[in-house]
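Position 1 is the first residue of the sequence, and the numbers go up from there. Because only heavy atoms are used, hydrogens play no part in the values below, and waters and symmetry mates are left out as well, while side chains stay in. Whatever order the structure lists them in is the order used to number ligands and atoms, beginning at 1. As the structure is a computational prediction, the values presented were derived from the model and not from experiment.
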Amino acid sequence: MSRDPDGVGGISDPDMSESESSTTASRRSFLKEGAACVVGACCVGVPAVAGLVAWLDPLSQDGSSGDVATRVATLNALPADGTPQRVTVVRGRSDAWTRDGAVPVGAIYLRKTGERAVQALHSMCPHAGCFVDYQAARGVFFCPCHDSTFAVDGSINDPHSPSPRGLDALEVELKGDEVWVRFRNYRTGIQQKVPVS
Ligand code: FES
(Lines give C-alpha, C1' and ligand atoms only; values in the text may rest on other atoms or scores of the structure.)
Protein backbone atom coordinates (compact mmCIF):
# COMPACT_ATOMS: atom_id res chain seq x y z
CA MET A 1 0.00 0.00 0.00
CA SER A 2 1.43 3.43 -0.86
CA ARG A 3 0.50 7.06 -0.61
CA ASP A 4 -1.65 8.46 -3.40
CA PRO A 5 0.79 10.02 -5.88
CA ASP A 6 -1.64 12.48 -7.43
CA GLY A 7 -2.58 14.07 -4.12
CA VAL A 8 -6.35 13.70 -4.63
CA GLY A 9 -6.56 11.77 -1.39
CA GLY A 10 -7.02 8.17 -0.27
CA ILE A 11 -4.56 5.27 -0.32
CA SER A 12 -3.55 3.27 -3.47
CA ASP A 13 -3.43 -0.56 -3.51
CA PRO A 14 -0.43 -2.21 -5.24
CA ASP A 15 -2.56 -5.33 -6.00
CA MET A 16 -5.06 -3.35 -8.03
CA SER A 17 -5.34 -4.48 -11.72
CA GLU A 18 -4.38 -2.16 -14.57
CA SER A 19 -8.01 -1.67 -15.68
CA GLU A 20 -9.12 -1.03 -12.08
CA SER A 21 -6.28 1.41 -11.72
CA SER A 22 -7.24 3.15 -14.97
CA THR A 23 -10.90 3.33 -13.89
CA THR A 24 -9.87 4.80 -10.55
CA ALA A 25 -7.59 7.31 -12.26
CA SER A 26 -10.32 8.46 -14.64
CA ARG A 27 -12.76 8.68 -11.69
CA ARG A 28 -10.25 10.89 -9.89
CA SER A 29 -9.77 12.98 -13.00
CA PHE A 30 -13.55 13.38 -13.27
CA LEU A 31 -13.74 14.44 -9.64
CA LYS A 32 -10.96 16.99 -10.14
CA GLU A 33 -12.65 18.45 -13.23
CA GLY A 34 -15.99 18.47 -11.44
CA ALA A 35 -14.48 20.36 -8.52
CA ALA A 36 -12.87 22.83 -10.91
CA CYS A 37 -16.24 23.39 -12.63
CA VAL A 38 -17.97 24.04 -9.30
CA VAL A 39 -15.29 26.56 -8.27
CA GLY A 40 -15.48 28.19 -11.71
CA ALA A 41 -19.28 28.39 -11.58
CA CYS A 42 -19.09 30.00 -8.14
CA CYS A 43 -16.60 32.59 -9.38
CA VAL A 44 -18.86 33.49 -12.33
CA GLY A 45 -22.11 33.28 -10.33
CA VAL A 46 -21.14 35.45 -7.39
CA PRO A 47 -21.06 38.80 -9.24
CA ALA A 48 -24.51 38.15 -10.81
CA VAL A 49 -26.04 37.25 -7.45
CA ALA A 50 -24.27 40.14 -5.75
CA GLY A 51 -25.80 42.53 -8.30
CA LEU A 52 -29.32 41.26 -7.63
CA VAL A 53 -28.87 41.42 -3.87
CA ALA A 54 -27.42 44.93 -4.09
CA TRP A 55 -30.52 45.97 -6.02
CA LEU A 56 -32.84 44.62 -3.37
CA ASP A 57 -30.76 45.29 -0.30
CA PRO A 58 -31.63 48.11 2.15
CA LEU A 59 -28.30 49.64 1.11
CA SER A 60 -30.11 50.77 -2.05
CA GLN A 61 -31.82 53.33 0.18
CA ASP A 62 -30.70 56.38 2.05
CA GLY A 63 -32.46 58.64 4.54
CA SER A 64 -34.84 57.93 7.39
CA SER A 65 -38.16 56.13 7.07
CA GLY A 66 -40.32 59.18 6.28
CA ASP A 67 -38.00 60.58 3.65
CA VAL A 68 -36.20 57.70 1.97
CA ALA A 69 -34.43 57.82 -1.35
CA THR A 70 -34.65 54.51 -3.14
CA ARG A 71 -32.69 53.34 -6.14
CA VAL A 72 -35.36 52.47 -8.70
CA ALA A 73 -33.74 52.20 -12.14
CA THR A 74 -30.82 53.10 -14.33
CA LEU A 75 -30.94 55.77 -17.01
CA ASN A 76 -30.29 53.18 -19.71
CA ALA A 77 -33.39 51.22 -18.69
CA LEU A 78 -35.71 54.15 -19.52
CA PRO A 79 -37.02 54.71 -23.05
CA ALA A 80 -35.11 57.53 -24.76
CA ASP A 81 -38.32 58.85 -26.37
CA GLY A 82 -39.79 59.81 -22.99
CA THR A 83 -42.43 57.08 -22.81
CA PRO A 84 -43.34 56.61 -19.13
CA GLN A 85 -42.10 53.37 -17.61
CA ARG A 86 -43.88 51.80 -14.64
CA VAL A 87 -41.55 50.79 -11.83
CA THR A 88 -42.31 49.02 -8.57
CA VAL A 89 -40.56 50.61 -5.61
CA VAL A 90 -38.98 47.96 -3.41
CA ARG A 91 -37.57 48.63 0.01
CA GLY A 92 -35.87 46.63 2.70
CA ARG A 93 -37.81 46.91 5.94
CA SER A 94 -36.15 46.37 9.27
CA ASP A 95 -36.41 47.48 12.87
CA ALA A 96 -35.01 46.35 16.21
CA TRP A 97 -36.92 43.06 16.08
CA THR A 98 -37.49 42.14 12.46
CA ARG A 99 -35.77 42.29 9.11
CA ASP A 100 -38.31 41.59 6.39
CA GLY A 101 -36.01 41.86 3.39
CA ALA A 102 -37.30 43.52 0.25
CA VAL A 103 -40.99 44.41 0.05
CA PRO A 104 -42.85 46.39 -2.62
CA VAL A 105 -44.13 49.68 -1.16
CA GLY A 106 -45.67 51.31 -4.22
CA ALA A 107 -45.41 52.03 -7.91
CA ILE A 108 -44.29 55.03 -9.90
CA TYR A 109 -43.88 56.10 -13.50
CA LEU A 110 -40.47 57.27 -14.67
CA ARG A 111 -40.09 59.34 -17.80
CA LYS A 112 -36.96 60.68 -19.41
CA THR A 113 -37.31 64.39 -20.10
CA GLY A 114 -33.72 64.85 -21.27
CA GLU A 115 -30.40 63.08 -21.63
CA ARG A 116 -29.89 63.18 -17.87
CA ALA A 117 -33.29 64.33 -16.65
CA VAL A 118 -36.05 62.12 -15.29
CA GLN A 119 -39.54 62.86 -14.03
CA ALA A 120 -41.13 60.56 -11.45
CA LEU A 121 -44.89 60.45 -10.94
CA HIS A 122 -46.82 58.54 -8.31
CA SER A 123 -49.08 55.95 -9.93
CA MET A 124 -51.92 56.66 -7.49
CA CYS A 125 -54.72 58.95 -8.62
CA PRO A 126 -55.01 61.95 -6.25
CA HIS A 127 -58.81 61.80 -6.41
CA ALA A 128 -59.56 58.57 -4.57
CA GLY A 129 -56.37 56.54 -4.73
CA CYS A 130 -56.99 54.30 -7.75
CA PHE A 131 -53.96 53.28 -9.80
CA VAL A 132 -53.57 54.97 -13.15
CA ASP A 133 -52.45 53.20 -16.32
CA TYR A 134 -50.30 54.75 -18.99
CA GLN A 135 -52.04 54.29 -22.34
CA ALA A 136 -49.33 54.65 -24.96
CA ALA A 137 -51.78 54.80 -27.89
CA ARG A 138 -53.50 57.86 -26.39
CA GLY A 139 -50.39 59.28 -24.71
CA VAL A 140 -52.23 59.76 -21.41
CA PHE A 141 -52.50 58.31 -17.93
CA PHE A 142 -55.95 56.84 -17.51
CA CYS A 143 -57.75 56.45 -14.20
CA PRO A 144 -60.29 53.62 -14.55
CA CYS A 145 -62.29 54.55 -11.46
CA HIS A 146 -63.83 57.72 -12.92
CA ASP A 147 -62.63 57.55 -16.52
CA SER A 148 -60.42 60.58 -16.14
CA THR A 149 -57.09 61.24 -17.82
CA PHE A 150 -53.83 63.00 -17.03
CA ALA A 151 -51.29 64.32 -19.53
CA VAL A 152 -47.93 62.62 -19.87
CA ASP A 153 -46.39 65.20 -17.49
CA GLY A 154 -49.02 64.34 -14.86
CA SER A 155 -51.19 67.44 -15.26
CA ILE A 156 -54.98 67.15 -15.48
CA ASN A 157 -56.05 67.19 -19.12
CA ASP A 158 -59.64 66.16 -18.65
CA PRO A 159 -61.87 69.21 -17.98
CA HIS A 160 -64.38 66.99 -16.19
CA SER A 161 -61.83 65.21 -14.03
CA PRO A 162 -62.92 64.88 -10.43
CA SER A 163 -59.27 64.83 -9.36
CA PRO A 164 -58.40 67.92 -7.33
CA ARG A 165 -54.80 67.97 -8.62
CA GLY A 166 -52.48 66.35 -11.12
CA LEU A 167 -50.45 63.22 -10.47
CA ASP A 168 -48.00 63.71 -7.62
CA ALA A 169 -44.42 64.32 -8.74
CA LEU A 170 -41.69 62.75 -6.64
CA GLU A 171 -38.19 64.07 -6.02
CA VAL A 172 -35.60 62.49 -8.32
CA GLU A 173 -31.85 62.35 -7.87
CA LEU A 174 -29.32 60.96 -10.34
CA LYS A 175 -26.24 59.26 -8.95
CA GLY A 176 -24.11 58.47 -11.97
CA ASP A 177 -26.26 56.17 -14.08
CA GLU A 178 -28.65 55.37 -11.23
CA VAL A 179 -32.07 56.92 -10.72
CA TRP A 180 -33.04 57.46 -7.07
CA VAL A 181 -36.50 58.60 -6.00
CA ARG A 182 -37.84 59.85 -2.67
CA PHE A 183 -41.03 57.82 -2.67
CA ARG A 184 -43.90 58.77 -0.40
CA ASN A 185 -47.67 58.76 -0.43
CA TYR A 186 -49.82 61.87 -0.45
CA ARG A 187 -53.32 62.51 0.85
CA THR A 188 -56.06 62.06 -1.73
CA GLY A 189 -59.18 64.14 -2.31
CA ILE A 190 -57.64 67.54 -1.55
CA GLN A 191 -56.09 70.20 -3.72
CA GLN A 192 -52.90 70.54 -1.68
CA LYS A 193 -50.11 67.98 -1.93
CA VAL A 194 -49.83 66.83 1.68
CA PRO A 195 -47.57 63.86 2.54
CA VAL A 196 -49.07 60.98 4.48
CA SER A 197 -46.93 60.71 7.57
S1 FES B 1 -60.04 57.86 -8.49
FE2 FES B 1 -59.07 58.68 -10.25
S3 FES B 1 -60.50 60.10 -11.00
FE4 FES B 1 -61.45 59.26 -9.30
Side-chain angles (χ1 to χ4, degrees), residues 52 55-58 60-95 98-175 177-197:
L52 181 63
W55 195 258
L56 300 175
D57 192 85
S60 61
Q61 301 159 29
D62 67 32
S64 59
S65 58
D67 188 21
V68 178
T70 304
R71 185 174 55 185
V72 290
T74 60
L75 280 173
N76 294 341
L78 302 178
D81 64 2
T83 301
Q85 186 82 21
R86 195 174 194 275
V87 175
T88 300
V89 180
V90 176
R91 282 186 187 159
R93 229 178 17 198
S94 62
D95 55 33
T98 59
R99 186 179 173 88
D100 288 347
V103 290
V105 294
I108 59 175
Y109 282 94
L110 295 177
R111 175 174 85 95
K112 253 187 172 176
T113 55
E115 188 76 16
R116 289 190 55 81
V118 175
Q119 182 188 32
L121 296 171
H122 206 303
S123 65
M124 191 180 283
C125 177
H127 177 223
C130 295
F131 288 105
V132 298
D133 273 330
Y134 180 67
Q135 296 187 335
R138 300 171 66 193
V140 296
F141 293 100
F142 175 69
C143 179
C145 291
H146 300 100
D147 290 343
S148 62
T149 55
F150 299 85
V152 73
D153 65 357
S155 60
I156 294 176
N157 75 342
D158 175 356
H160 304 296
S161 173
S163 181
R165 62 178 191 270
L167 298 178
D168 294 315
L170 300 161
E171 194 181 322
V172 176
E173 189 183 344
L174 298 182
K175 298 182 182 180
D177 188 39
E178 296 175 352
V179 182
W180 291 62
V181 169
R182 292 195 180 276
F183 177 82
R184 62 192 320 163
N185 294 314
Y186 294 89
R187 286 179 57 188
T188 57
I190 58 175
Q191 201 166 11
Q192 300 79 15
K193 190 177 163 190
V194 178
V196 175
S197 54

TODO: Over 60° means perpendicular and under 30° means parallel, so classify the ring planes of H127 and H146, tilted if in between.
DONE: perpendicular
TODO: With sequence neighbours left out, write down each residue that passes side-chain hydrogen bond (donor to acceptor under 3.5 Å, both in side chains) with S155, or none if nothing qualifies.
DONE: D153
Task: Straight-line distance of T83 OG1 to K112 NZ, nearest 0.5 Å - done: 11.5 Å
TODO: Take atom 2 (Fe) of ligand 1 as the centre and count protein N, O or S atoms at distances under 2.8 Å.
DONE: 2
- [ ] Return yes when the gap between the SG atoms of C130 and C145 is under 2.5 Å; return no otherwise.
- [x] yes
Open item on the list: I'd like to know if the side chain of R184 and the backbone of V196 have a donor-acceptor N/O pair within less than 3.5 Å.
Closed with: no
Open item on the list: Check whether Y109 reaches the backbone of Y134 with its side chain - one donor and one acceptor, N or O, closer than 3.5 Å.
Closed with: yes
